[in-house]
Amino acid sequence: MGDLLVTTTTGAGTTLTGAEVAAFRANVRGPVLRPGEARYEEARRVWNGLIDRRPALIAQCAGVADVIQCVQFARTHALLASVRGGGHNVPGNAVCEGGLMIDLARMKGVRVDPTRRTVRAEGGVTWREFDHETQAFGLGTTGGAVSDTGIAGLTLGGGLGWLAGGYGLACDNLLAVDLVTADGRFLTASAEEHPDLFWGVRGGGGNFGVVTAFEYQLHAVGPMLAGRVLYPFSRATEVLKWYRDFSATIPDALNTIGGLTTAPDGTKVVAMLVCYHGPPAAGERVLRPLRTFGSPLADEIRPRPYREVQTLLDAASPRGRRYYVKAAFVEAISDAAIDTLVSHFAAVPSPFSLLAFQQLGNAARLVPPEATAFYHRGAMYEWFVQAAWPDPADDDGNIRWARAVAGAMLPFTTGRGYVNHLGPEAVEGLEPIRAAYGPNYDRLVALKNRYDPTNLFRLNPNIRPTV
């Protein structure tokens with residue numbers, strides 16, 4: 001086996017000898033892939049087709065012992081390292097160029113305790129897999145809005161989702177995590193053990209270690225009223241204003257997304273998506289104003305199992321398409337913000353792109369902003385643009401359009417972004433990171449200094465150590 005050129009944490013190149021790589025492989029139970037080997041190309045690909053990076057090594061971990069070996073190897077050789085859970089992160093932080101990719105995608109264990117209403121799930125699990133196991137017992141928890149999102153990245157960044165109105169964010173339902181720290185230690189963090197670290201992983205991203213397993217509180221989650229109502233784009237301003245007023249007064253059991261998209265026939269439409277997880281009769285009453293407002297093009301609201309609700313946005317976010325996302329939190333939707341979105345969507349260059357407001361949810365907003373690392377409890381919505389297109393030749397036009405929309409929308413936002421939607425240019429700059437973590441940033445820096453002083457875990461919305 002030949003020597004291998006790799007990238008270090010400083011960005012410089014160095015060489016690992018064939019013997020060093022062979023010894024590493026011998027100590028890892030899962031496959032360790034090099035460029036040119038079988039399955040390497042598949043393993044380096046993630047959800048966003050715009051990401052095209054080539055790690056020097058991809059370690060497909062089979063368990064915690066493999067993760068420990070990876071962290072120790074990266075630290076010993078000062079290797080640039082990335083961590084892949086579900087691989088759904090928009091800027092592709094899971095994939096490093098020339099370094100070691102610590103891939104948890106094979107770690108799929110899920111164990112439900114129906115008596116305690118808890119679940120333990122490993123770091124490579126997606127929400128589709130998670131819901132498959134928990135719904136077998138009529139249980140669930142807040143978990144995003146696209147089913148092949150990984151539980152790890154979504155939860156560590158906060159975790160917006162359909163059930164947040166009643167049960168809070170994904171991180172609010174977290175009971176404990178197992179993780180491997182930058183010095184190779186295996187720790188459990190919870191309210192009782194390492195509570196400082198437990199505070200930090202609930203919104204602080206992957207800055208403090210490789211989380212190998214998550215324990216969540218579950219809730220009784222049965223069939224719910226959910227689906228889309230579509231209106232013609234010609235009525236976009238009127239409909240979005242109605243959505244603003246409706247969504248501002250909803251009960252805890254309801255959560256919503258309102259925005260602009262393109263139907264399969266190429267027609268621009270306004271879409272309101274809802275999920276009501278309370279008693280069906282009450283849900284019919286709550287949703288009646290929505291279903292009777294104006295003359296919708298389509299009303300797709302019906303009783304659905306939670307597993308199906310989690311797929312409502314899957315068709316708009318298929319794996320392999322090219323994506324660019326900009327987002328920020330919004331305290332209230334103004335008329336000017338609506339006008340801005342409508343005017344920009346009229347010139348959208350791709351039929352696969354969308355603009356939307358997603359509600360945080362009532363219960364998520366009741367948690368004090370200092371209670372977890374996720375700070376943005378005062379926001380009513382996250383506004384986002386998801387530019388999406390299939391052809392690399394169209395990259396510049398679509399990215400330019402998304403940036404223009406984001407720039408025009410900035411005055412109507414808090415100026416603070418959601419950690420899980422920070423783009424690569426934000427991750428590279430300190431000020432967007434400070435804004436994303438808000439007043440919790442200094443406390444997070446203190447944690448970083450303690451648990452990762454050399455910034456081994458830097459391919460994330462990075463909290464830079466100061467020691």
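Quick caveat, the model's predicted, so the values are computed rather than measured.
A donor and an acceptor atom, one from each side chain of S295 and Y231, are nowhere located under 3.5 Å apart. At a cut-off of 3.5 Å, with distance as the only test, a side-chain donor of R116 or T118 sits close to an acceptor on the other residue. When only modelled atom types and interatomic distance are considered, N89 and N420 share no side-chain donor-acceptor pair under 3.5 Å. The closest side-chain donor-acceptor pair between T134 and Y306, if any, does not fall under 3.5 angstrom. The closest side-chain donor-acceptor pair between N93 and N460, if any, does not fall under 3.5 angstrom. E308 and T311 form no side-chain donor-acceptor contact under 3.5 Å, judged by distance and modelled atom types alone. A donor and an acceptor atom, one from each side chain of R403 and Y324, are located under 3.5 Å apart. When only modelled atom types and interatomic distance are considered, T126 and D148 share no side-chain donor-acceptor pair under 3.5 Å. In summary, the side chains of N207 and D452 do not present any donor paired with an acceptor at a separation below 3.5 Å, with no hydrogens or angles considered. Counted by atom type alone, S334 and R244 present zero donor-acceptor pairs between their side chains at under 3.5 Å. Between the side chains of T256 and Q359, a donor-acceptor pair is found at a separation under 3.5 Å.
Closest approach of W199 and A371 over heavy atoms only: CD1-O, 3.1 Å. Minimum interatomic distance between A316 and L354 (heavy atoms only, all atoms of both residues): CB-CD2, 4.1 Å. Closest heavy-atom contact between A164 and L360: CB-O, 3.0 Å. Smallest separation of non-hydrogen atoms from F412 and A408: CE1-O, 3.4 Å. The two residues V385 and A402 come nearest to each other via the heavy atoms CG1-O, 4.0 Å. L287 and I301 make their closest contact through CD1-CG2, 4.0 Å (heavy atoms, listed as atom of the first residue, atom of the second, distance).
Looking only at distances, a side-chain donor or acceptor of D172 sits under 3.5 Å from a matching main-chain atom of L169. Judged by distance alone, the side chain of R106 and the main-chain N or O of A62 form no donor-acceptor pair under 3.5 Å. Looking at R322, its side chain never comes within 3.5 Å of a backbone N or O of A387 through a donor-acceptor pair. Using a distance-only test at 3.5 Å, with no hydrogens or angles considered, a donor-acceptor pair links the side chain of T413 to the main chain of L410. Looking only at distances, no side-chain donor or acceptor of W401 sits under 3.5 Å from a matching main-chain atom of S350. A distance-only check finds no donor-acceptor pair linking the side chain of Q217 to the backbone of L175 [under 3.5 Å]. Under the 3.5 Å distance criterion, the side-chain polar atoms of Y418 are left unmatched by any main-chain donor or acceptor of G158. Within the 3.5 Å criterion, the main-chain N or O of A379 finds a donor-acceptor partner in the side chain of R365. Proximity of a side-chain donor or acceptor of R304 to a complementary backbone N or O of A226 within less than 3.5 Å is detected. Using a distance-only test at 3.5 Å, with no hydrogens or angles considered, a donor-acceptor pair links the side chain of N462 to the main chain of F457.
Between Y323 and W47, the ring planes lie parallel to each other; the angle is under 30°, not in the 30° to 60° tilted range. Aromatic ring orientation, W127 versus F130: perpendicular (interplanar angle above 60°, classes split at 30° and 60°). Ring geometry, F374 versus H376: the interplanar angle exceeds 60°, so the pair is classed perpendicular (tilted spans 30 to 60°).
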ring-ring contact (aromatic ring centres under 6.0 Å, His included) between W389 and F352, intermediate numbers included
CA-CA 6 Å; W389 65 99; F352 304 115; over 10 Å; no
Under the side-chain contact (heavy atoms from CB on, under 4.5 Å) rule, what do R54 and Y40 come out as? Steps first, then yes or no, please.
CA-CA 9 Å; R54 304 183 67 83; Y40 172 85; 3.4 Å; yes
Using side chain to side chain donor-acceptor pair (under 3.5 Å), reason through R377 and T372 one step at a time and then give a plain yes or no.
CA-CA 10 Å; R377 303 294 182 164; T372 66; 2.9 Å; yes
For R228 and L312, run side-chain contact (heavy atoms from CB on, under 4.5 Å): C-alpha distance rounded to whole Å, both residues' side-chain angles, the deciding distance at 0.1 Å, then the answer.
CA-CA 8 Å; R228 301 186 305 173; L312 288 176; 5.6 Å; no
Applying side-chain contact (heavy atoms from CB on, under 4.5 Å), run through F357 and Y243 and close with a yes or a no.
CA-CA 10 Å; F357 296 100; Y243 166 76; 4.2 Å; yes
One pair to check against side chain to side chain donor-acceptor pair (under 3.5 Å): Y216 and T142. What are the steps and the verdict?
CA-CA 10 Å; Y216 298 88; T142 306; over 6 Å; no
Set out, in order, the CA-CA distance, both residues' side-chain angles and the distance that settles salt bridge (charged side-chain N to carboxylate O under 4.0 Å, His left out) for E300 and R291, then state yes or no.
CA-CA 10 Å; E300 300 170 356; R291 307 180 75 175; over 6 Å; no
Check the pair V146 / H88 against side-chain contact (heavy atoms from CB on, under 4.5 Å), numbers first and verdict last.
CA-CA 10 Å; V146 176; H88 203 275; 3.8 Å; yes
Test salt bridge (charged side-chain N to carboxylate O under 4.0 Å, His left out) applied to R128 and D314, step by step:
CA-CA 11 Å; R128 178 187 296 116; D314 282 13; 3.6 Å; yes
Under the criterion side chain to side chain donor-acceptor pair (under 3.5 Å), I'd like the reasoning laid out for T188 against D178: C-alpha separation, chi angles, the key distance, then a yes or no.
CA-CA 4 Å; T188 296; D178 293 341; 2.8 Å; yes
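Heavy-atom neighbours of R111 CZ from other residues, nucleotides or ligands within 6.0 Å: at or below the threshold of 12. The number of heavy-atom neighbours closer than 6.0 Å to CG of D396, taken from other residues, nucleotides and ligands shown, is 12 or below.
R307 pairs by the side-chain contact (heavy atoms from CB on, under 4.5 Å) definition with D131, H132, Q135, not counting sequence neighbours. Remark: R285 pairs with A281, A282, R288 by the side-chain contact (heavy atoms from CB on, under 4.5 Å) rule, at least two apart or across chains.
With salt bridges taken as basic N to acidic carboxylate O contacts below 4.0 Å, none links R44 and E97. With salt bridges taken as basic N to acidic carboxylate O contacts below 4.0 Å, none links E42 and R45. Note on E129 versus K108: salt bridge recorded, some NZ/NE/NH1/NH2 to OD/OE distance being below 4.0 Å.
The side-chain heavy atoms of L422 and I433, taken from C-beta on, include a pair separated by under 4.5 Å. Counting only heavy atoms from C-beta outward, the side chains of L355 and V405 approach each other to under 4.5 Å. By the 4.5 Å heavy-atom criterion applied to side chains, L225 and V274 are not counted as neighbours. Residues C96 and P55 are in side-chain contact: their nearest non-hydrogen atoms beyond the backbone lie under 4.5 Å apart. Side chains of Y276 and E284 form no contact here, defined as non-hydrogen atoms less than 4.5 Å apart. Residues L179 and T212 fail the side-chain proximity criterion, which asks for heavy atoms closer than 4.5 Å.
Each of T261, T262, V342 was compared with F233 under the side-chain contact (heavy atoms from CB on, under 4.5 Å) criterion, and only V342 meets it. In summary, of the residues considered (V221, N173, V309, N255), a side-chain contact (heavy atoms from CB on, under 4.5 Å) with L163 occurs for V221 alone.
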